[in-house]
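Structure record follows, encoded as structure tokens.
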Amino acid sequence: VEDDPSLNSAVAYNLRRQGFAVLTALNGEEALELFRRDPAEIRLVLLDLMLPRLSGLHVLRAIRTESAVPVLVLTARGQEQDKLDAFNLGADDYMVKPFSMHEMLARVGSLLRRANPNGAVVASTLTRGPIEIDTRAQRVSILGREMHLRPKEYGLLLLLAMDPDRVFTRQELLDKVWGTETIVDDRTVDVHVSWLRGKLTKAGLAESPIQTAYGSGYRFSSALAAAASPSESLRQGGEAIQAAHSSRFTQTT
């Protein structure tokens, strides 16, 4: 829950890269509406305090009357009284902006482990046609055959595939994949997209689903992904891998 669209998007993107399903809200009223739709499915809440329509403290108070879900406060308010108010209302952790995404992810993991010490986070798989992205293991495969991608290539593919048909500008891709603190030019995006396209077609796709939006940036075409037809040799290889997996599963059970 974060009213700054850029930060909201960045936090959600980093969580999804770790395999989490994410709901986002830009104000307090929207946050409570989303939470109350299916509170049993919410495992963690990341909450800003200075929100339009309904403050973060009001949201926190309302959540605590209905649920014991862990709440991590992410806010620019760093005074001791602000922290005391949040903790007194039931916050489980508190981070002051600006914060490190790596530290935020570590605290998310810690809160989830404390809330469910005997459980495990289920791996999340994003499927786009024959392309499967295991966001927990950060692996990409086509019909069961794993592709080797560099970290930035993986980041580009995941970001584009998570929001198919949306045009991302080169600057947006730089900010989200490379980070706002890294100084690189637009050409870097073009080069990595070219490498990524080459690997997708080399892996057997008839056509890369990553399209150029001329003068704007790039998009992941859902239509091309759905229609993408891997080569026959790749299909047979994937079926063989799946059959082997099925055979091993049958033997062990």
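Here the structure is a predicted model, which means the values were calculated and not measured. Start at 1 with the first residue, then count along the sequence.
The closest side-chain heavy-atom distance from V1 to L46 is not below 4.5 Å. Looking at heavy atoms from C-beta onward, R43 lies in side-chain contact with L112 at the 4.5 angstrom threshold. With a 4.5 Å cut-off on side-chain heavy atoms, R64 and V69 count as touching. Residues L200 and L196 form a side-chain contact, since some pair of their non-hydrogen atoms from C-beta on lies under 4.5 Å apart. Annotation: side chain of T212 is in contact with side chain of R197 (closest heavy-atom distance under 4.5 Å). No side-chain heavy atom of I63 sits less than 4.5 Å from a side-chain heavy atom of I42. The shortest distance between side-chain heavy atoms of L74 and L47 does not fall below 4.5 Å. F220 has its side chain out of reach of M162: every pair of non-hydrogen atoms, C-beta onward, lies at least 4.5 Å apart.
Note that the OG1 atom of T24 and the CG atom of N8 stand 4.5 Å from one another [nearest 0.5 Å]. Separating the CG atom in L205 from the CG atom in L224 is a distance of 10.0 Å, to the nearest 0.5 Å. Interatomic distance, CG of D3 versus CG of L49, reported as 11.0 Å (0.5 Å rounding). Interatomic distance, CG of L149 versus CG of L156, reported as 10.0 Å (0.5 Å rounding).
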Given F35 and L23, is the side-chain contact (heavy atoms from CB on, under 4.5 Å) satisfied, shown in steps?
CA-CA 9 Å; F35 183 82; L23 298 173; over 6 Å; no
Show your working on salt bridge (Lys or Arg N to Asp or Glu O under 4.0 Å) between R139 and E132 and close with a plain yes or no.
CA-CA 8 Å; R139 288 196 298 260; E132 290 191 351; over 6 Å; no
I'd like to know whether R219 forms a salt bridge (Lys or Arg N to Asp or Glu O under 4.0 Å) with D165, so could you lay out the CA-CA distance, the side-chain angles of the two residues, the decisive distance to 0.1 Å, and finally the verdict.
CA-CA 5 Å; R219 69 161 64 89; D165 301 315; 5.5 Å; no
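Contacts of Q79 classified as side chain to side chain contact (heavy atoms under 4.5 Å, CB included), with partners at least two apart in sequence or in another chain: D82.
M147 and L126 end up in the same hydrophobic cluster when Ile, Leu, Val, Met, Phe, Trp and Tyr side chains are linked at under 4.5 Å. A chain of hydrophobic side-chain contacts below 4.5 Å, direct or via other Ile, Leu, Val, Met, Phe, Trp or Tyr residues, connects L105 to M95.
Between R128 and A161, the shortest heavy-atom distance links the atoms NE-O, 2.8 Å. The shortest non-hydrogen separation linking A203 to I142 is CB-CD1, 3.6 Å. Annotation for T201 and S208: closest pair CG2-N, 3.9 Å, computed over non-hydrogen atoms. R107 and Y94 make their closest contact through NH1-O, 3.2 Å (heavy atoms, listed as atom of the first residue, atom of the second, distance).
Taking the ring centre of F168 as origin, the terminal cationic atom of R170 falls outside the region bounded by 6.0 Å and 45° from the ring axis.
Taking the charged nitrogens against the carboxylate oxygens, K97 and D48 do have a contact shorter than 4.0 Å, which makes a salt bridge. Remark: E80 does not engage K83 in a salt bridge, criterion side-chain N to carboxylate O under 4.0 Å.
Remark: Q81 CD is packed, more than 12 non-hydrogen atoms of other residues, nucleotides or ligands lying under 6.0 Å away.
A donor-acceptor contact closer than 3.5 angstrom is absent between the side chains of N14 and Q18. Under the 3.5 Å distance criterion, with hydrogens and angles disregarded, a donor-acceptor pair is assigned to the side chains of K176 and S9. Side chains of S55 and R61: no donor on one and acceptor on the other come within 3.5 Å.
Partner of Y218 under the side chain to side chain contact (heavy atoms under 4.5 Å, CB included) criterion, out of V189, T169, V167: V189 alone.
Side-chain atoms of N27 do not come within 3.5 Å of backbone N or O of L51 as any donor-acceptor pair. Looking at E153, its side chain does come within 3.5 Å of a backbone N or O of R150 through a donor-acceptor pair.
Relative ring orientation between H192 and W178 is described as perpendicular, the plane-to-plane angle rising above 60° on a 0-90° scale split at 30° and 60°.
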